[in-house]
Q: 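Mind looking over this structure? Questions follow.
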Amino acid sequence: MSANERRQNLLAELFSSRHDTCENLARKLNVTTRTIYSDIEILMCSYPIETFRGYGGGVRVANGYYLHRRT
């Protein structure tokens, strides 16, 4: 799987669940958490993805944003 394919799969997972932890995303995509951190950092430049630390933290898509949504 190429990096672009992995990032597209990561986006699909995030947009379907809206909120998840990096550990769960790494497990679902069979990569390390460091790879997820790097991919999230790159995707944050183009998509409204937010990260949170601590209890209840993780990665989520900004409220009100949907992939392929027509306005």
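All heavy atoms count here, side chains included; hydrogens, waters and symmetry mates do not. Because the structure is predicted, anything quoted here is derived from the model rather than measured.
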Q: If you define the side chain from C-beta out and look only at heavy atoms, does anything of Glu41 sit under 4.5 Å from Thr51?
A: no
Q: In terms of hydrophobic clusters joined by side-chain contacts under 4.5 Å, are Leu11 and Tyr37 together?
A: no
Q: Which heavy atom of Arg7 sits nearest to which heavy atom of Leu43, and what is that distance?
A: O-CD1, 4.0 Å
Q: Looking only at side chains, do Ser38 and Thr35 share a donor and an acceptor under 3.5 Å apart?
A: no
Q: Once you round to the nearest 0.5 Å, how far does CD of Gln8 lie from CD of Glu13?
A: 12.5 Å
Q: A side-chain contact here means heavy atoms from C-beta on lying under 4.5 Å apart; do Tyr47 and Val61 qualify?
A: no
Q: Can you check whether Glu50 reaches Val59 side chain to side chain, under 4.5 Å on heavy atoms?
A: no
Q: With a 4.5 Å cut-off on side-chain heavy atoms, are Ile49 and Arg60 touching?
A: no
Q: Taking distance alone, no hydrogens or angles, what donor-acceptor pairs closer than 3.5 Å link side-chain atoms of residues 22-29 to residues at least two apart or in another chain?
A:
{"from": "Asn24", "atom 1": "OD1", "to": "Arg27", "atom 2": "NH1", "distance (Å)": "2.9"}
{"from": "Asn24", "atom 1": "ND2", "to": "Asp20", "atom 2": "OD1", "distance (Å)": "3.1"}
{"from": "Asn24", "atom 1": "ND2", "to": "Thr21", "atom 2": "OG1", "distance (Å)": "3.2"}
{"from": "Lys28", "atom 1": "NZ", "to": "Asp20", "atom 2": "OD2", "distance (Å)": "2.9"}

Q: To the nearest 0.5 angstrom, please state how far the CZ atom of Arg6 sits from the CG atom of Leu10.
A: 8.5 Å
Q: Are Ile40 and Phe52 linked, directly or through other ILVMFWY residues, by side chains that come within less than 4.5 angstrom of each other?
A: no
Q: Can you tell me how far apart CG (Asn4) and CD1 (Ile42) are? Round to the nearest 0.5 Å.
A: 9.0 Å
